[in-house]
Amino acid sequence: MRLSCYFMPTLREAPSDAQIVSHQLMVRAGMIRQEAAGIYAWLPLGLKVLKKIEQVVREEMDRAGAIEVLMPTLQLADLWRESGRYEAYGDEMLRIKDRHDRDLLYGPTAEEVITDIFRSYIKSYKDLPKNLYNIQWKFRDERRPRFGVMRGREFLMKDAYSFDIDEAGARRSYNRMFLAYLNVYARLGLKAIPVRADTGPIGGDLSHEFIILAETGESEVFAHRDLVEMGAPGPDIDWDGDLQDLVDQRTRLYAASDEMHDQARFEAEAPEDKRMTARGIEVGHIFYFGEKYSKPMKALITGPDGKDVPAQMGSYGVGVSRLVAGIIEASHDEAGIIWPDSVAPFGAAVVNLRPGAAEVDTVAEQAYKALIAAGKDPLLDDRDDRPGAKFASLDLVGVPWQLIVGPKGVADGVVELKRRASGERQTLPLDQALKVICG
RNA sequence: CGGAGUGUGGCUCAGUCUGGUAGAGCACCGCGUUCGGGACGCGGGGGUCGCAGGUUCAAAUCCUGCCACUCCGACCA
């Protein structure tokens with residue numbers, strides 16, 4: 001992409017209503033624009049990152065055996081009346097009437113719709129397990145939206161729903177999602193801690209929140225340090241095998257957010273040098289809720305004994321749009337955003353320091369075309385602007401590599417290569433610089 | 001929903017207390033000089049001061065009502 005032809009409206013100053021760093025940087029980098037409280041338009045740069053995160057989530061869901069569907073944003077109130085949640089949900093649900101005076105709602109989540117789909121087609125235990133997910137916009141009319149897309153009213157969520165014949169099966173489904181989530185966060189360059197979450201009336205230990213570490217995060221987490229060091233299981237585990245050990249390793253060690261924290265237990269279960277207290281952001285929540293929806297909505301499965309039983313369900317959510325902000329909270333400096341390579345909006349930027357100078361233009365074009373050919377989706381900064389302004393805006397938007405082409409270097413047959421994350425620079429011939437970027 | 005605050009060109013803000021010709025910086029347009037970390041000079045365009053009433057010779061400024069947005073609290077991907 002040639003920057004002179006692109007739409008990347010960066011700002012030198014942050015709007016006064018942006019309070020946290022990710023919100024400020026997203027607005028300054030021209031990623032989002034607020035349209036109303038908690039409602040944002042995604043500008044080209046923001047949309048690129050959002051889609052990259054979405055794709056990472058999709059790939060890890062697919063790997064773990066989940067199957068993608070797309071459910072509508074607008075749902076029928078009648079389905080929610082079946083589950084009993086239409087009245088219970090309260091003012092957070094955006095209620096709408098169509099021209100026939102029929103009650104609709106903008107979905108805040110999709111248990112009812114997915115249960116309706118499931119019960120229409122699946123009747124036998126032989127067709128289980130099934131895990132269906134979608135990545136779709138949700139709307140929750142929060143009393144107090146805030147912090148940009150971190151807590152918007154409209155947000156992009158990946159929500160998966162598992163169906164099993166019994167509790168043992170549901171636990172296997174749960175374990176797959178538990179481990180898949182850790183892989184997602186690892187690929188996004190994040191350190192994530194699974195903490196036990198409140199399961200409500202169902203009880204049991206099958207609910208976890210995933211908290212990514214960020215100094216500016218809202219929640220406080222208390223965890224055994226080994227849990228953080230342990231990291232993700234990686235993609236090559238046997239997804240159809242017994243995953244219980246892998247999950248147990250990660251749930252045995254103490255981890256709690258502030259609302260579930262028990263200091264005495266923390267001290268009993270983690271030696272002093274292993275006790276870690278940190279701040280973080282909740283970016284995922286998984287839980288098993290059994291028959292909560294399948295029973296009232298009559299999603300019944302015939303078992304091997306010929307008897308009908310309600311499907312055992314679980315649901316698994318990742319805040320995709322929140323992750324955009326979460327990654328920035330976890331990875332930025334004074335100059336701007338530092339994207340992990342996996343979600344950076346562009347692979348590299350070729351900075352032409354002197355557009356119009358023939359020799360410089362030639363080398364910059366050559367570098368740009370080579371990076372396109374290598375699939376690096378480069379940005380060519382061909383703006384008629386001063387070098388300082390270019391460096392500042394490229395640092396701000398966080399492109400991982402800057403390949404700097406200027407008159408001095410071109411005269412000597414070299415370019416400068418700068419790594420955004422470390423600030424490290426090196427001067428070298430173009431072909432070598434390209435090799436470094438392309439790995 | 002309780003408490004607090006803010007609404008003035010695209011952005012950051014001054015001006016409001018003490019009513020009297022709407023301002024600055026950034027951004028934008030033109031010309032020139034510049035050009036390796038957000039340049040400089042000269043010229044220019046752009047604002048019914050959130051909305052509606054009211055007081056007054058006169059309202060961004062005072063009064064009343066409404067709306068929007070932000071922050072703190074309780075809830076949440």
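Heavy atoms only: backbone and side chains are in, while hydrogens, waters and symmetry mates are out.
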Checklist entry - Would you say the side chains of A:Tyr316 and A:His285 form a donor-acceptor pair under 3.5 Å? => result no
Item to check | Atom-to-atom span, CG of A:Leu156 to P of B:C76 - whole angstrom | outcome: 21 Å
Checklist entry - Which nucleotide, B:C75, B:C71, B:A77, lies nearest any side-chain atom of A:Met157? => result B:A77
Checklist entry - Does A:Arg153 or A:Glu209 map to a spot on RNA chain B nearer the 5' end, using the closest nucleotide for each? => result A:Arg153
Next on the checklist: Over all strands shown, is A:Gln34 touching base, sugar-phosphate only, or nothing at heavy-atom distances under 4.0 angstrom?
Outcome noted: sugar-phosphate
Checklist entry - Once you round it to whole Å, what is the distance between P of B:A77 and CZ of A:Phe147? => result 16 Å
Checklist entry - So what does A:Ala14 touch, heavy atoms closer than 4.0 Å: a base, only the sugar-phosphate, or nothing? => result sugar-phosphate
Next on the checklist: Assuming nearest nucleotide by heavy-atom distance, tell me which of A:Phe155 and A:Gly388 is located more 5' along RNA chain B.
Outcome noted: A:Gly388
Item to check | Candidate nucleotides B:U12, B:A77, B:G36, ranked by approach to the side chain of A:Pro15 - the nearest | outcome: B:U12
Item to check | Closest to the A:Glu13 side chain, choosing from B:C11, B:C69, B:C35 | outcome: B:C11
Checklist entry - NA contact type, A:Gly406, heavy-atom cut-off 4.0 Å: base, sugar-phosphate, or nothing? => result base
Checklist entry - Which nucleotide sits closest to the side chain of A:Arg386: B:G36, B:C35, B:C76? => result B:C35
Checklist entry - Under 3.5 Å, is there an N or O donor on one side and an acceptor on the other linking the side chain of A:Arg151 and the base of B:C76? => result yes
Checklist entry - Can you check the A:Asp361 CG to B:C35 C1' distance for me, whole Å? => result 14 Å
Checklist entry - Distance only, no hydrogens: is a donor on one side chain within 3.5 Å (strictly under) of an acceptor on the other, for A:Asp62 and A:Tyr133? => result yes
Checklist entry - Does A:Lys418 make a side-chain donor-acceptor contact with the base of B:G36, cut-off 3.5 Å? => result no
Next on the checklist: Taking side chain to side chain donor-acceptor pair (under 3.5 Å) as the criterion, tell me which of A:Glu82, A:Arg85, A:Arg119, A:Glu111 meets it with A:Tyr293.
Outcome noted: A:Arg85
Checklist entry - Among B:C35, B:C69, B:C1, which nucleotide sits nearest the side chain of A:Arg144? => result B:C1
Item to check | Separation of B:C75 P from A:Glu282 CD (nearest whole Å) | outcome: 13 Å
Next on the checklist: Using a heavy-atom cut-off of 4.0 Å across all strands, would you classify A:Gly336 as base, sugar-phosphate, or nothing?
Outcome noted: nothing
Item to check | Per A:Pro407 side chain, nearest of listed nucleotides B:G36, B:A77, B:G38 | outcome: B:G36
Item to check | Test item: side-chain donor near acceptor, A:Tyr181 and A:Asn183, under 3.5 Å | outcome: no
Item to check | Pairing partner (Watson-Crick or G-U wobble, both distances under 3.5 angstrom) of B:G2 | outcome: B:C72
Checklist entry - Quick check: does any side chain N or O of A:Arg250 sit under 3.5 Å from a backbone N or O of A:Gly231, one acting as donor and the other as acceptor? => result yes
Checklist entry - For A:Leu323, which contact category applies under a 4.0 Å heavy-atom criterion: base, sugar-phosphate, or nothing? => result nothing
Checklist entry - Which part of the nucleic acid does A:Gln19 contact within heavy-atom distance under 4.0 Å: base, sugar-phosphate only, or nothing? => result sugar-phosphate
Checklist entry - How far does the C1' atom of B:G47 sit from the matching atom of B:G3, given to the nearest Å? => result 34 Å
Item to check | Base B:U70 to side chain A:Arg146, donor-acceptor N/O within 3.5 Å cut-off | outcome: no
Checklist entry - Taking only side-chain nitrogens and oxygens of A:Ser16, does any of them come within less than 4.0 Å of OP1 or OP2 of B:U70? => result no
Next on the checklist: Under 4.0 Å, counting only non-hydrogen atoms across every strand here, what does A:Ile404 touch: a base, just sugar-phosphate, or nothing?
Outcome noted: base
Next on the checklist: Quiz question: by atom type and distance under 3.5 Å, do the side chains of A:Asp381 and A:Gln402 form a donor-acceptor pair?
Outcome noted: no
Next on the checklist: Output the rounded distance in Å from OH (A:Tyr133) to C1' (B:A77).
Outcome noted: 17 Å
Checklist entry - If we take the C1' atom in both B:A22 and B:U8, what is their distance in whole Å? => result 8 Å
Checklist entry - What is the nucleic acid contact for A:Arg33, judged by heavy atoms within less than 4.0 Å: base, sugar-phosphate only, or nothing? => result nothing
Next on the checklist: Need one value for A:Phe210: base, sugar-phosphate or nothing, where a base atom within 4.0 Å counts as base even if backbone is also close, heavy atoms only.
Outcome noted: nothing
Item to check | Length of the line joining A:Gln402:CD and B:G36:P, which is rounded to integer Å | outcome: 15 Å
Next on the checklist: At 4.0 Å (heavy atoms only), tell me whether A:Arg425 reaches a base, stays on the sugar-phosphate, or touches nothing.
Outcome noted: base
Checklist entry - Over how many whole Å does the gap from A:Asp17 atom CG to B:G10 atom C1' extend? => result 14 Å
Next on the checklist: What is the separation between atom NE2 on A:His23 and atom P on B:C71, rounded to the nearest whole Å?
Outcome noted: 8 Å
Checklist entry - Between B:G20 and B:U61, how far is it from one C1' atom to the other, in whole Å? => result 11 Å
Checklist entry - How about A:Tyr368 and A:Lys376: does a side-chain donor come under 3.5 Å of a side-chain acceptor? => result no
Checklist entry - Is it the case that A:Tyr106 and A:Gln75 place a side-chain donor and acceptor less than 3.5 Å from each other? => result no
Checklist entry - Can you tell which of B:G36, B:C75, B:G38 lies closest to the side chain of A:Glu142? => result B:C75
Item to check | Nearest to side-chain heavy atoms of A:Phe391, which nucleotide of B:A77, B:G36, B:C1 | outcome: B:G36
